[in-house]
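Throughout, residue positions are numbered sequentially from 1 according to the sequence presented.
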Amino acid sequence: MLKELAKSIREYKLLSILSPLCVMCEVVLEVILPFLMANIIDNGIYKENWDYIWKTGLVLAIVAFAALVFGALAGRFAAVASAGFAKNLRHDLFYKLQTYSFGNIDKFSASSLVTRLTTDVTNVQNSYQMIIRVAVRAPFMMVFAMIMTFRINPTLAMVFVVFIPFIALALGLIIRFAHPVFSRVFKTYDKLNNVVQENLHGIRVVKSFVREDYETKKFNDISDRIFRDFTKAEKTIAFNMPVMQLSVYSCILIISWIASDNILAGTMTTGQLVSMMTYVFQILMGLMFLSMIMVMVVLSRASGERIVEVLKETPDIASPDEPVTELNDGSIVFENVRFSYSGKADRMCLDGINIKINSGETVGIIGGTGSSKSSLVQLIPRLYDATEGRVLVGNRDVREYDIEALRDNVAMVLQKNVLFSGTIKENLRWGDKDATDEDIKRVCRLACADDFIERMPDGYDTYIEQGGTNVSGGQRQRLCIARALLKKPKILIMDDSTSAVDTKTDAMIRKAMLEEIPDTTKIIIAQRISSVMEADKIIIMDKGKVAAIGTHEQLLKSSPIYKEVFTSQQKGSEENV
């Protein structure tokens with residue numbers, strides 16, 4: 001885990017080294033201070049040697065100032081290094097997510113990935129800052145102060161040696177019991193984020209069904225679970241402070257008792273006692289800081305493990321070692337394709353698919369809900385890979401292509417249309433970042449989107465809210481179609497992407513596409529037969545299998561499913577009229 005996380009330090013390695021070096025210098029100087037104070041008391045104050053007091057006092061002031069400078073530098077270096085480490089870690093996580101297939105994302109869930117990119121990274125950042133500063137300071141302070149105590153009085157120094165195993169055992173037990181609880185807490189955080197995400201995305205549905213109380217209860221139940229787990233973990237960690245205080249005060253009492261006898265016996269000076277007590281506090285403060293670090297490490301360890309899970313995850317879909325970067329044409333062939341989201345043979349959602357689509361053809365796909373229409377087309381740009389069989393595009397297996405090159409030639413207008421926060425122009429330029437304003441207006445005319453855009457106050461510079469909430473469903477669909485057309489793809493897939501527009505606009509969009517991109521292979525998934533009846537061929541999907549393939553006229557004669565759907569839709573249209 002540590003080796004994987006350390007890869008994200010990169011350009012902040014120097015600062016990560018300078019911080020502990022400055023801490024070491026600070027510690028050495030702080031350890032010298034009690035020694036100088038003891039000399040001032042024994043050789044200056046008791047002997048009334050003012051010259052010695054002034055000279056040694058000046059040295060003491062210089063040493064104290066130097067310790068302050070090194071401490072400030074250590075703090076700055078640690079802060080910049082930890083913030084930079086967190087920045088790189090977030091970058092690496094997000095970059096890794098871009099390589100994930102839908103299968104990888106489904107494995108973790110979107111809410112869990114958000115938690116790992118935010119809360120978990122912050123925990124690791126805080127822990128890293130403490131490690132390169134406090135975790136260096138505490139042991140070094142203990143070691144150097146211990147050396148000085150042995151130099152002053154070996155008998156008193158042995159008091160610490162007795163207590164160290166007791167403290168180590170107590171910390172070990174605390175860590176052992178607290179870590180599993182923290183691991184469980186972060187998994188519950190994922191569920192909490194999922195509830196919040198669902199509630200915000202579906203807030204219109206929640207309010208329309210008056211389900212605020214239900215959603216609030218669901219949120220409170222998960223929050224209470226986090227509260228209980230955190231309370232349990234904090235109760236375990238709470239033992240840390242009593243253990244430390246018991247050790248601190250026990251050491252002070254024992255040392256004070258032994259030291260008083262030594263002073264009366266004349267084997268120890270007052271200055272030595274003062275410096276000894278200062279070293280006692282330095283050692284015990286070091287132990288206190290060390291225990292705090294251990295608590296933070298327990299918390300961040302669970303976060304670190306979750307981050308490394310994402311970084312080490314192998315994408316299900318990747319480009320081959322020597323990929324093909326050019327598509328010959330937009331022809332598509334499915335050869336004995338079987339597909340399962342889980343990869344299990346007993347849960348196939350596509351079974352025995354054999355389809356041939358020539359380049360430039362317009363192909364319609366219809367079928368009932370759950371017939372795997374969307375699953376079929378998602379195999380073309382390798383959003384998923386076929387479990388068995390193969391999918392060919394341009395007479396090559398899609399797994400031979402460079403993923404970016406393949407997807408750059410396949411445009412998809414998904415069933416769930418997504419627009420991003422930004423202007424209409426910025427959204428459309430996802431299809432072609434170098435598109436001119438005239439190119440944008442041209443594709444908007446083809447998608448029948450120019451009319452409503454020009455009526456907007458800012459036209460093409462109108463700002464789209466997150467998720468496209470300030471445009472209607474039909475407007476959103478037409479903008480997404482325009483974005484896909486701007487890409488000039490060899491294959492255009494429209495997954496029920498005109499369901500929210502009227503039949504007249506649907507017909508106009510299809511006519512414009514036929515005239516504008518005649519060489520592009522067009523696949524149209526639709527519920528309305530009127531949207532696909534003029535296609536070169538129509539594919540009927542039923543329960544993950546191809547039930548029939550043919551033209552509109554052929555299917556009316558040969559396919560009972562198609563004839564039934566067509567008759568019911570025609571009857572419904574006549575009744576509406």
Chemist: Please examine the side chains of Asp495 and Met412, heavy atoms only from C-beta on, and report whether any two atoms are closer than 4.5 Å.
Modeler: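 Not in contact.
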Chemist: Compile the donor-acceptor pairs under 3.5 Å between side chains in residues 352-364 and protein atoms, sequence neighbours left out, one pair per line.
Modeler:
from   : atom 1 : to     : atom 2 : distance (Å)
Asn354 : OD1    : Asn336 : N      : 2.8
Asn354 : ND2    : Asn336 : OD1    : 3.2
Asn358 : ND2    : Glu361 : OE2    : 3.4
Ser359 : OG     : Gly330 : N      : 3.1
Glu361 : OE1    : Asn358 : N      : 3.0
Glu361 : OE1    : Lys537 : NZ     : 3.4

Chemist: Please check if the number of heavy atoms outside Glu564 that lie under 6.0 Å from its CD is greater than 12.
Modeler: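 Atom CD in Glu564 is not packed in, count stays at 12 or less.
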Chemist: Would you say that more than 12 heavy atoms from the other residues, nucleotides or ligands in this model lie under 6.0 Å from the CD of Glu11, or not?
Modeler: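 Yes, the 6.0 Å shell around CD holds more than 12 heavy atoms from other groups.
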Chemist: Mark yes when over 12 heavy atoms from residues, nucleotides or ligands other than Glu534 sit less than 6.0 Å from its CD; otherwise mark no.
Modeler: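 No, not enclosed.
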Chemist: Return the minimal non-hydrogen interatomic distance between Glu465 and Asn470, and the atom names on each side.
Modeler: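 Distance-wise, the nearest heavy atoms are N-OD1, 3.0 Å.
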Chemist: Which heavy atom of Ser558 sits nearest a heavy atom of Pro560, and at what distance?
Modeler: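 Result for this residue pair: O-CD, 3.5 Å.
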Chemist: Rounded at 0.5 Å granularity, tell me how far CD1 in Ile453 sits from OG1 in Thr462.
Modeler: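 The OG1 atom of Thr462 is 8.0 Å from CD1 of Ile453, to the nearest 0.5 Å.
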Chemist: Give me the atom names and distance for the closest heavy-atom approach of Leu428 to Ala482.
Modeler: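 Reported closest heavy-atom pair: CD2-CB, 4.0 Å.
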Chemist: Flag yes if more than 12 heavy atoms outside Glu212 fall under 6.0 Å of its CD atom; otherwise flag no.
Modeler: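 Buried by this count: over 12 neighbours within 6.0 Å.
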Chemist: Around atom NZ of Lys511, are there more than 12 heavy atoms of other residues, nucleotides or ligands at under 6.0 Å?
Modeler: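 Open.
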Chemist: In this structure, which one of Leu419, Val413, Val443 forms a side-chain contact (heavy atoms from CB on, under 4.5 Å) with Arg483?
Modeler: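 Per the side-chain contact (heavy atoms from CB on, under 4.5 Å) rule, the option paired with Arg483 is Leu419, out of Leu419, Val413, Val443.
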Chemist: Can you tell me if Asn409 uses its side chain to pair, donor with acceptor, with the backbone of Lys490 under 3.5 Å?
Modeler: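 No; zero donor-acceptor contacts below 3.5 Å.
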Chemist: Using 30° and 60° as the class boundaries, would you call the ring planes of Phe566 and Tyr562 parallel, tilted or perpendicular?
Modeler: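 The arrangement is parallel - the two ring planes meet at less than 30°.
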Chemist: Got a donor-acceptor contact below 3.5 angstrom from the Arg116 side chain to the Arg306 backbone?
Modeler: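 Here the side-chain-to-backbone pair exists.
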Chemist: Side-chain contact, heavy-atom cut-off 4.5 Å: Thr423 with Tyr460?
Modeler: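 Answer no - side chains too far apart.
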Chemist: Side-chain contact, heavy-atom cut-off 4.5 Å: Ile549 with Ile540?
Modeler: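 Ile549 vs Ile540: side chains apart.
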Chemist: Between Thr520 and Leu492, what is the shortest heavy-atom contact and its length?
Modeler: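 It is CG2-N, 3.8 Å.
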Chemist: One thing to verify: whether Asp437 and Arg429 come together as a salt bridge, which I'm taking to mean a side-chain N less than 4.0 angstrom from a carboxylate O.
Modeler: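 Salt bridge present between Arg429 and Asp437.
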Chemist: Strictly below 4.0 Å, N to O, side chains only: are Lys312 and Glu309 in salt-bridge contact?
Modeler: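 Salt bridge between Lys312 and Glu309, a charged N being under 4.0 Å from a carboxylate O: no.
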Chemist: For a side-chain hydrogen bond (donor to acceptor under 3.5 Å, both in side chains) check, start with the C-alpha distance between Thr325 and Tyr401, then their side-chain angles and the critical distance, and finish with the verdict.
Modeler: CA-CA 6 Å; Thr325 56; Tyr401 285 108; over 6 Å; no
Chemist: Take Val337 and Glu388 through the side-chain contact (heavy atoms from CB on, under 4.5 Å) test and state the conclusion after the steps.
Modeler: CA-CA 6 Å; Val337 170; Glu388 296 179 19; over 6 Å; no
Chemist: Between Asn88 and Ser8, do the side chains contain a donor N or O and an acceptor N or O under 3.5 Å apart?
Modeler: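 No pair is found: no donor N or O on one side chain lies under 3.5 Å from an acceptor on the other.
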Chemist: Please round to the nearest 0.5 Å and tell me the distance separating atom NE2 of His552 and atom OG of Ser530.
Modeler: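 Going from the NE2 atom of His552 to the OG atom of Ser530 covers 10.0 Å.
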Chemist: Would you call Lys218-Glu215 a salt bridge at under 4.0 Å N-O?
Modeler: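 Salt bridge between Lys218 and Glu215, a charged N being under 4.0 Å from a carboxylate O: yes.
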Chemist: Pick from Asp439, Asp432, Asp434: which one makes a side chain to side chain donor-acceptor pair (under 3.5 Å) with Thr436?
Modeler: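 Filter result, single survivor: Asp439.
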Chemist: Salt bridge or not for Glu438 and Arg442, using N-O below 4.0 Å?
Modeler: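 Here Glu438 does not pair with Arg442 in a salt bridge, since their nearest N and O are not under 4.0 Å apart.
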Chemist: Applying side-chain contact (heavy atoms from CB on, under 4.5 Å) to Ile366 and Met541, what does each step give before you reach the verdict?
Modeler: CA-CA 6 Å; Ile366 66 170; Met541 296 293 297; over 6 Å; no
Chemist: How about CE on Met456, more than 12 heavy atoms from neighbouring residues, nucleotides or ligands closer than 6.0 Å, or not?
Modeler: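 Enclosed: over 12 neighbouring heavy atoms sit under 6.0 Å from CE of Met456.
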Chemist: Identify whether NZ of Lys or CZ of Arg in Arg211 sits under 6.0 Å from the centre of the six-membered ring of Tyr214 and within 45° of that ring's axis.
Modeler: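 Yes; both conditions hold, so Arg211 lies above the ring face of Tyr214.
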Chemist: State, without any angle test, whether Ser300 and Tyr128 hold a side-chain donor-acceptor pair at a distance under 3.5 Å.
Modeler: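 The answer is no; no qualifying pair exists.
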Chemist: If you define the side chain from C-beta out and look only at heavy atoms, does anything of Val333 sit under 4.5 Å from Arg390?
Modeler: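 Counting from C-beta outward, Val333 and Arg390 never come under 4.5 Å.
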Chemist: Does this structure show an ion pair linking Lys545 with Asp542, if we count only N-O contacts that are shorter than 4.0 Å?
Modeler: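 Answer for the salt bridge query: no.
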Chemist: Cut-off 3.5 Å, side chains only: do Ser472 and Arg476 have a donor facing an acceptor?
Modeler: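 No, Arg476 and Ser472 have no side-chain donor paired with an acceptor closer than 3.5 Å.
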Chemist: Hey, can you tell me if Phe420 and Trp430 have their rings parallel, tilted or perpendicular (30° and 60° cut-offs)?
Modeler: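 The rings of Phe420 and Trp430 lie parallel, inter-plane angle below 30°.
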Chemist: Tell me, please, which residues at least two apart from Asp461 pass salt bridge (charged side-chain N to carboxylate O under 4.0 Å, His left out).
Modeler: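 Only Lys425 meet the salt bridge (charged side-chain N to carboxylate O under 4.0 Å, His left out) criterion with Asp461.
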Chemist: Tell me if the aromatic rings of Tyr12 and Phe85 count as close, with their centers under 6.0 Å from one another.
Modeler: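 Distance test on ring centres: not under 6.0 Å, no.
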Chemist: Show which side-chain atoms of residues 219-226 pair as donor or acceptor with protein atoms under 3.5 Å away, not counting sequence neighbours.
Modeler:
from   : atom 1 : to     : atom 2 : distance (Å)
Asn220 : ND2    : Thr216 : O      : 3.3
Asp221 : OD2    : Lys217 : NZ     : 3.1
Ser223 : OG     : Phe219 : O      : 3.0

Chemist: Please check if any side-chain donor atom of Glu313 sits under 3.5 Å from a side-chain acceptor atom of Asn104, or the reverse.
Modeler: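 Distance-only check passes for Glu313 and Asn104.
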Chemist: Has Asp213 got more than 12 heavy atoms of other residues, nucleotides or ligands less than 6.0 Å from its CG?
Modeler: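 Atom CG in Asp213 is not crowded, with 12 or fewer foreign heavy atoms closer than 6.0 Å.
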